[in-house]
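Notes follow the structure.
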Amino acid sequence: MNKLSYYYTVFLFFMIVILTGACFAMSIYDETPASAETKIDSREVYPMATPFAVMYTDNVQGNAYSEGSVFSFDVKLRENVSGPVESFAFRVYLNTNNLQFSPPVLAMDLKAPILVSPLKGLPPNQYIDIVSMTDNINTLFNPSLCRIRFKTIKKITSPYIMKIGEAPPNYAIVLRPTAKLYTTFDYTSTNPVPGFIETPTPTPKPTHSPTATTTPTPTQTPMPSPTSTPMPSPTSTPAPTPTPTPTPAPSSTASPTPTFTPAPTLTPTPVSFEMVVNHITGRETLTPEQIKIADLNSDGIIDAADIVMFILNGAKL
């Protein structure tokens, strides 16, 4: 095999591989999943109708602000010129601290069951989805869709809004035969919910200022005329009183001579042989006077030598 044939063979091999891969990829891309064929509410199935309609709230009834009261409002359709309505879906927002949804939802012009989802979202600002089944015989373009009821849990002291909007993945309006209708939402009738009566704040009565009292003009008191004070006549000076002669003090009495009481004779404190032994062994302490008596060898220390002297003297002092 020459070089040209070799390169030609390699080229054909790679072309066959590339074409095989491309055919396999196209076959996968053209397959339609089974789920897509049964996907009724998918946005890729229904063609979008060009005209649009408005879903709106209307006809609010009942007291929406008093504790324990029940009120309702209707949801309707207007401005649809594309065809009769087959089904609808929307979402209602409510504050669950103040309101409680009261089922069932009343169907009006469409003769089809209406489904209601559980409460969704984080309290207290939650919502419910309301979805109708299909009505294949309706001929109305702008029907009244349904009536919704709510119960007021506690007295509401300020105006509030009941809002409606889309409930994905459901379409707001589906027309016959199976065409989506672009829909906008209008909740002017429930923004705010009518019926709020503001409690008037009592106006305080004006306080009358007291009438100003005229201060009387003070009357000037006339100053008294100065009166001349007569000078007193000179008085003669009295004669001096003679000073009395002092009485001589009595002579002092001689103090008695003090009597001296003789000092008591001190009896020497006896010291026994046992007391000396106890002093040396630390079981008893002699007084300085007793130490002087017991120090028989006069060396200033009470020790064994003194005990020997005690023995030699017959253990007597």
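FYI, side chains are in, hydrogens and waters are out, and symmetry mates aren't considered; it's all heavy atoms of this structure.
- In this structure the side chain of Phe52 never reaches within 4.5 angstrom of the side chain of Ser82, judged on heavy atoms.
- Judged by distance alone, with hydrogens and angles left aside, the side-chain atoms of His279 form no donor-acceptor pair with the main-chain N or O of Thr285 at under 3.5 Å.
- No side-chain donor-acceptor contact under 3.5 Å links Asp74 to the backbone of Asn59.
- Taking hydrophobic clusters as Ile, Leu, Val, Met, Phe, Trp and Tyr residues chained together by side-chain heavy-atom distances below 4.5 Å, Val116 shares a cluster with Phe88.
- Sequence neighbours left out, not one pair with a member in residues 106-118 passes salt bridge (Lys or Arg N to Asp or Glu O under 4.0 Å).
- Between Val193 and Tyr65 the shortest side-chain heavy-atom distance falls below 4.5 Å.
- The minimum heavy-atom distance between Tyr56 and Val54, with the atom names listed, is CD2-O, 3.8 Å.
- In the hydrophobic cluster analysis, where Ile, Leu, Val, Met, Phe, Trp and Tyr join through side-chain heavy atoms closer than 4.5 angstrom, Ile153 is grouped apart from Ile161.
- Formation of a donor-acceptor pair under 3.5 Å by the Thr287 side chain with backbone atoms of Gln290 is found in this model.
- Using cut-offs of 30° and 60° on the angle between ring planes, the pair Tyr93 and Tyr127 is tilted.
- Looking at Arg176, its side chain does come within 3.5 Å of a backbone N or O of Asn138 through a donor-acceptor pair.
- For the side chain to side chain contact (heavy atoms under 4.5 Å, CB included) with Ile302, the qualifying choice from Leu296, Val276, Ile307 is Val276, the only one to do so.
- Using modelled atom types, one finds a donor on one side chain and an acceptor on the other under 3.5 Å when comparing Asn63 with Ser66.
- Pairing each heavy atom of Ile156 with each of Ala64, the nearest pair is CD1-O, 3.7 Å.
- In this structure, the side chain of Ser87 does not engage the main chain of Thr134 through any donor-acceptor pair within 3.5 Å.
- Val131 and Ile128 sit in two unconnected hydrophobic clusters of ILVMFWY residues. Membership requires side-chain heavy atoms under 4.5 Å apart, directly or through other members.
- Without hydrogens or angle criteria, Gln126 side chain to Gly121 main chain gives a donor-acceptor distance under 3.5 Å.
- Under the 6.0 Å distance and 45° angle rule, Arg149 does not count as a cation-pi partner of Phe71.
- Contact detail for Leu175 and Gly83: the closest heavy-atom pair is CD2-O, 3.5 Å.
- With contacts defined as side-chain heavy-atom distances shorter than 4.5 Å, the pair Asp135/Ile137 qualifies.
- Between the side chain of Asp306 and the backbone N or O of Asp303 there is at least one donor-acceptor pair closer than 3.5 Å.
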Inset, instruction - Apply side-chain contact (heavy atoms from CB on, under 4.5 Å) to Glu86 and Asn136, showing your working. - result: CA-CA 6 Å; Glu86 182 179 85; Asn136 292 320; 3.7 Å; yes

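- Following chains of ILVMFWY side-chain contacts shorter than 4.5 Å, one cannot reach Tyr171 starting from Leu115, and the two form parts of different hydrophobic clusters.
- Ser189 places a side-chain N or O within 3.5 Å of a backbone atom of Thr57 that can act as its donor or acceptor partner.
- In this structure a side-chain-to-backbone donor-acceptor pair under 3.5 Å is missing from Thr152 to Leu99.
- Heavy-atom minimum distance, Leu94 versus Phe101: CD1-N, 4.3 Å.
- Heavy-atom minimum distance, Ala112 versus Met133: CB-O, 3.5 Å.
- Two different hydrophobic clusters hold Met55 and Phe141 under the rule that ILVMFWY side chains link at heavy-atom gaps under 4.5 Å.
- In terms of heavy atoms, Gln61 sits closest to Arg147 at NE2-NH2, 4.5 Å.
- The main-chain N or O of Pro84 is never found under 3.5 Å from a side-chain atom of Asn80 such that the two would form a donor-acceptor pair.
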